[in-house]
Q: 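First the structure, which I've put down as C-alpha cells, then a few questions once you've had a look.
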Amino acid sequence: MDGAVNRWKMVTFKLEKHPMTRVIDLRSDTVTRPTQAMRKVMMWAEVGDDILRDDPTVLKLEALAANIFGKEAAMLTISGTMSNQIALAAYTRPGDEIVVLEDAHIYNLECAAASALNGVQARPLPSDTGTYDKAQLEKAIRIPGIQHASTRLICLENSFHLNRGLALDRAAYEDSIQVARDHAIPIYMDGARIFNAAVALHCDVKDLTDFCDAVALCLCKGLGAPLGSLLIGRRDFIDEARWIKQRFGGGMRQAGVIAAPGILALTEMVDRLAEDHTRAADLRVGLENMGIQVDRGGIPTNIVNLDVSPTGWKAQAFADQLVQMGIKVKVCSENRLRMALHHDIQTTDVEYVLQTIGELLKDSKAGSAV
Ligand SMILES: *Cc1c(COP(=O)(O)O)cnc(C)c1O
C-alpha cells in the first residue's frame with residue numbers, strides 16, 4: 001500500500017520535472033511526425049494524376065531516387081510492404097521459390113503475402129549475422145528438375161532485423177553476390193532503413209545497393225515522411241512494377257502531396273540520421289552501466305535492443321512501468337525490448353530515459369531488499 005502511494009508520488013514528480021510533459025515514444029522510428037517544412041511542401045505541392053503519370057512532384061521524387069541509387073527508374077508506393085510484394089510479383093511466378101533471411105521482414109511481417117498474394121514459396125536460411133553463409137546459400141539454390149521449384153530471387157535486408165538494426169557493409173555481401181551471379185539469380189534488397197546503414201558505415205548508399213537488381217526503401221521511418229516507399233531498379237522492371245502496383249490497388253492520383261515530403265526526406269533528412277545513431281550509442285552505454293544487457297552484435301544504427309533479465313525484470317512489466325513515466329518502448333519477447341531513436345527524440349529525452357530507468361532499477365532493488 002505504502003509502496004503504491006510512493007510510486008504514484010514519484011511518477012507525478014517525474015512528469016513535472018521533465019520540461020515537456022509529453023510521451024517519449026521509442027517504440028519505432030515510424031512514429032515520427034512530418035516536420036513543419038514537410039507540412040508546408042505538402043500544402044503547396046504541385047500535383048496531377050499519377051496513374052496518368054501527370055503528377056510532377058511524383059515524377060521529381062522518382063527521378064531523384066533513381067539518381068541517388070544510380071539506377072534507371074523508381075516508383076513511389078504506399079508502403080515498404082507493398083514495394084516488397086510488388087518486387088516479388090515482378091521477379092516470380094506462382095510456384096517459384098525465393099531465398100530469404102529467416103528473420104527478415106519480408107518473411108515474418110507481411111502477413112505471408114509472398115505465398116498469399118504471389119504464390120511463392122519462401123526458403124528461409126539462418127540469419128544471425130544478417131547475411132547468408134555461402135555454403136548454405138549455394139545448397140539452397142534449387143537444381144532444375146521435374147519435381148523442383150525454381151529459385152528466382154535472393155532477398156537481402158539492410159539495415160537488418162527490425163529489432164536490431166544492424167548495418168551490413170558491402171564486404172558482407174560478397175559471397176551472396178558470387179552465388180547469385182553463378183546461378184544468374186537476381187538480388188532484391190529490402191532497404192527499408194538503407195540510409196541508416198549507409199550513414200552508420202560512412203558510405204554512399206550506392207555502395208550497398210549497386211549489386212542489387214532492385215531496392216526498396218521507406219520514406220516514413222528515420223527519414224520522417226508521413227508515408228511512402230520507393231521501389232528502385234531497371235526501367236523495364238519499374239514498368240512492370242507499375243502495372244503490378246495498379247493491380248494491387250496501389251495506384252494513386254494526386255500523390256504529389258506524399259511525394260513532396262518524400263523529396264525532403266531524401267534531401268534533408270539523411271545526414272541527420274547520424275544524430276539518432278549517436279543517441280542510440282549513448283543509450284546503449286547508459287543502459288549497460290546500469291546492468292542491462294544490450295545487443296552488441298554487428299554494426300549498430302538507430303535501434304537499441306536490450307535484455308532486462310539481468311535486473312530481475314520481465315520485459316512487459318518493465319515497459320508497463322516506463323509508460324507510467326511517459327516513455328513508450330516495444331516489447332520484443334519475454335526479456336527483450338526495443339528502443340528506436342528518431343528525429344522526434346532529443347538528447348534531453350535520452351537523458352530523461354536513462355535517469356528514469358536508473359531510478360526504476362534503484363527503486364525495485366530497494367523494494368526487493370525489504
Ligand atoms: C518497416 C519495414 C518494412 C515495411 O514497411 P511498411 O511501410 O511498414 O510496410 C519492410 N522491411 C523492413 C526491413 C522494415 O523495417
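For ligands, and for the atoms within them, numbers begin at 1 and follow the listed sequence. Not measured: the values here are computed from a predicted model.
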Q: Can you hop from I303 to I327 via hydrophobic side chains spaced under 4.5 Å?
A: no
Q: Tell me the residues surrounding ligand 1, counting only those with a heavy atom closer than 4.0 angstrom, sorted by chain and number.
A: S79, G80, T81, N84, H105, E110, E157, D190, A192, R193, C218, K221
Q: Exactly one of R338, R193, K330 should register a salt bridge (charged side-chain N to carboxylate O under 4.0 Å, His left out) with D29. Which one does?
A: R193
Q: Evaluate L101 against L125 for side chain to side chain contact (heavy atoms under 4.5 Å, CB included), listing each step before the verdict.
A: CA-CA 5 Å; L101 296 160; L125 295 184; 5.8 Å; no
Q: Under the criterion side chain to side chain contact (heavy atoms under 4.5 Å, CB included), I'd like the reasoning laid out for V199 against D276: C-alpha separation, chi angles, the key distance, then a yes or no.
A: CA-CA 10 Å; V199 167; D276 299 339; over 6 Å; no
Q: Let me see the working for Y173 and F211 under ring pair (Phe, Tyr, Trp, His ring centres under 6.0 Å), right down to the final yes or no.
A: CA-CA 9 Å; Y173 295 124; F211 59 88; 5.4 Å; yes
Q: I'd like to know if the side chain of T57 and the backbone of V47 have a donor-acceptor N/O pair within less than 3.5 Å.
A: no
